[in-house]
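Just so we're on the same page: letters track the sequence lines, and every chain starts at 1. Just so you know, these numbers come straight off a predicted model, no measurement behind them.
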There are 2 protein chains.
Amino acid sequence: MGITKTDSFTTNQNELATLFKALAHPARIAIIEFLLKNEKCICGDIVDELPLAQATISQHLKELKNANLIIGTIEGTAICYCLNQEVFSELNNKINLITNQLITKNNSKCC
Amino acid sequence: MGITKTDSFTTNQNELATLFKALAHPARIAIIEFLLKNEKCICGDIVDELPLAQATISQHLKELKNANLIIGTIEGTAICYCLNQEVFSELNNKINLITNQLITKNNSKCC
DNA sequence: TTTATATATTGCAATATTACGATTAATATA
DNA sequence: TATATTAATCGTAATATTGCAATATATAAA
């Protein structure tokens with residue numbers, strides 16, 4: 001049906017999937033890399049950097065904001081975006097946990 | 001247009017986004033967690049575990065396989081799936097890199 | 001060989017995503 | 001106040017994803 005059966009899964013599973021979904025587009029990865037490299041993080045700079053229309057960039061920024069991966073601060077007529085270290089750290093921890101479990105259990109793997 | 005402008009981004013950006021996309025569904029997170037917990041990793045067990053039709057599970061497994069996140073081994077009439085430690089480790093490293101960069105640069109953040 | 005079991009594939013309907021032009025909203029400046 | 005600048009929102013077209021019933025495929029067992 002093209003709709004996800006959210007009710008069938010745990011909150012944790014849904015939240016993790018939502019985070020991954022926000023990261024699941026090369027433009028959004030590019031935005032994150034841009035924000036990593038640049039101290040100044042004005043929205044217009046991202047529009048200049050990427051070959052996408054302003055409306056499209058704005059939409060991608062909105063998704064990153066919804067996932068709480070970035071934070072926007074109004075600076076006069078411009079908006080300054082930056083990465084939310086806390087959420088990236090949490091995501092990092094979760095993936096670390098999975099990977100470490102995987103490495104530890106490696107001996108009992110069946111294929 | 002609903003199609004991603006893949007050509008506009010680097011190989012690394014596209015590959016990372018593809019990995020995240022494969023992880024961007026609660027059912028696929030649930031499958032990964034199931035494979036983490038269970039030594040036996042028969043496809044049928046996953047179908048019993050999750051409230052989705054067999055065809056749907058099969059589709060999700062296919063996406064995880066395409067992303068190389070899981071490996072399937074034929075065992076008679078059944079198929080034994082397990083997580084691909086190598087790819088999880090690579091993903092873990094990439095996210096570690098981003099997070100560490102973020103923590104280090106924290107002093108120069110603009111918002 | 002027939003039958004049962006396990007998984008993949010196909011076809012389709014419902015919904016979501018991506019992209020952009022046009023417009024709107026809000027602030028700064030002349 | 002009028003105008004320019006910056007970013008968000010709206011509307012729409014094209015494409016992708018999710019989910020399932022039905023069917024196909026492949027192997028094991030009788």
Side-chain angles (χ1 to χ4, degrees), chain A residues 1-9 13-14 17-18 20-31 34-35 40-67 70-82 110-111, chain B residues 1-9 13-14 17-18 20-31 34-35 40-67 70-82 110-111:
Chain A
M1 303 172 186
I3 193 169
T4 297
K5 289 175 104 186
T6 308
D7 295 345
S8 303
F9 305 101
Q13 285 163 346
N14 282 312
T18 300
F20 283 132
K21 199 181 225 170
L23 295 166
H25 195 287
R28 296 197 286 272
I29 298 292
I31 289 173
F34 183 82
L35 293 183
K40 303 180 200 174
C41 43
I42 299 302
C43 173
D45 296 342
I46 302 170
V47 175
D48 292 343
E49 178 83 2
L50 299 185
L52 294 173
Q54 182 266 323
T56 308
I57 300 284
S58 188
Q59 219 170 241
H60 283 304
L61 286 170
K62 191 182 181 184
E63 284 188 59
L64 289 170
K65 253 189 299 181
N66 286 343
I70 65 172
I71 296 165
T73 311
I74 297 172
E75 289 197 350
T77 153
I79 293 186
C80 171
Y81 283 106
C82 67
C110 70
C111 12
Chain B
M1 302 171 187
I3 192 170
T4 299
K5 287 176 106 186
T6 309
D7 296 345
S8 303
F9 305 100
Q13 286 164 348
N14 282 311
T18 300
F20 284 132
K21 198 181 225 169
L23 295 166
H25 195 285
R28 297 197 285 274
I29 299 291
I31 289 172
F34 184 81
L35 293 183
K40 304 181 200 172
C41 42
I42 299 302
C43 172
D45 295 342
I46 302 169
V47 175
D48 292 342
E49 179 82 2
L50 300 184
L52 294 173
Q54 181 266 324
T56 307
I57 300 284
S58 187
Q59 219 170 242
H60 284 304
L61 286 170
K62 192 182 179 183
E63 283 187 61
L64 289 170
K65 253 189 298 182
N66 285 345
I70 63 172
I71 296 166
T73 312
I74 297 172
E75 289 197 351
T77 151
I79 293 186
C80 171
Y81 282 107
C82 66
C110 69
C111 11

Criterion side chain to side chain contact (heavy atoms under 4.5 Å, CB included) on A/Leu50 and A/His60, from CA distance to verdict: CA-CA 12 Å; A/Leu50 299 185; A/His60 283 304; over 6 Å; no

A/Leu61 and A/Ile46: CA distance, side-chain angles, deciding distance, side chain to side chain contact (heavy atoms under 4.5 Å, CB included) verdict: CA-CA 10 Å; A/Leu61 286 170; A/Ile46 302 170; 4.1 Å; yes

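Within the 4.0 Å cut-off from OP1 or OP2 of C/dT7, not a single side-chain nitrogen or oxygen of B/Lys62 is found. Contact annotation: A/His60 does not reach the phosphate of C/dT17 (side-chain N/O to OP1 or OP2, under 4.0 Å). A close approach under 4.0 Å does occur between a side-chain nitrogen or oxygen of A/Tyr81 and OP1 or OP2 of D/dA8.
Closest to the side chain of B/Ser58, from the set C/dA8, C/dA19, D/dC20, is C/dA8. The side chain of B/Ala53 has D/dC20 as its nearest neighbour among D/dC20, D/dA8, C/dA19.
Protein atom CD1 of B/Ile79 is 12 Å distant from nucleotide atom P of D/dA26, rounded to whole Å. If you measure from atom CD of A/Glu63 to atom C1' of C/dT17, you get 8 Å, rounded to the nearest angstrom. One can place NZ of A/Lys5 at 17 Å from P of C/dA14, the figure rounded to the nearest angstrom. The interatomic distance linking B/Arg28 (CZ) with D/dT17 (P) rounds to 9 Å, in whole Å. Per the geometry, CD1 belonging to B/Ile42 stands 10 Å off C1' belonging to C/dA6, to the nearest Å. If you measure from atom CD of A/Gln59 to atom P of C/dA16, you get 15 Å, rounded to the nearest angstrom. If you take CG of B/Leu64 and P of D/dT17, they are 14 Å apart, rounded to a whole angstrom. When the P atom of D/dC20 is taken as reference, atom CD1 of B/Ile57 falls 9 Å away, rounded to whole Å.
Counting heavy atoms from C-beta outward, B/Ser8 and A/Leu52 have side chains that stay 4.5 Å or more apart.
Residues A/Cys43 and A/Lys21 both approach DNA chain D. Their nearest nucleotides, taken by heavy-atom distance, put A/Cys43 toward the 5′ side. In terms of position along DNA chain D, the nucleotide closest to A/Gly44 lies nearer the 5' end than the nucleotide closest to the other residue of the pair B/Ala27 and A/Gly44. Between B/Lys65 and A/Leu52, the residue anchored nearer the 5' end of DNA chain C, judged by the nucleotide with its closest heavy atom, is B/Lys65.
Looking at heavy-atom distances under 4.0 Å, A/Thr4 makes contact with sugar-phosphate atoms alone, never a base.
Residues passing the ring pair (Phe, Tyr, Trp, His ring centres under 6.0 Å) test with B/Phe20, sequence neighbours excluded: A/Phe20.
Note that CD1 of B/Ile57 is 11.5 Å distant from CG of B/Asp45, once rounded to the nearest 0.5 Å.
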Base versus backbone protein contacts along nucleotides 22-30 of chain C [heavy-atom cut-off under 4.0 Å; B, S, -]: B----SS--

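Sorted by first and then second residue, the salt bridge (charged side-chain N to carboxylate O under 4.0 Å, His left out) pairs involving residues 50-64 of chain A (not counting sequence neighbours) are A/Arg28-A/Glu63.
Panel note: side chain A/Thr18, backbone A/Asn14; a donor-acceptor pair is recorded below 3.5 Å.
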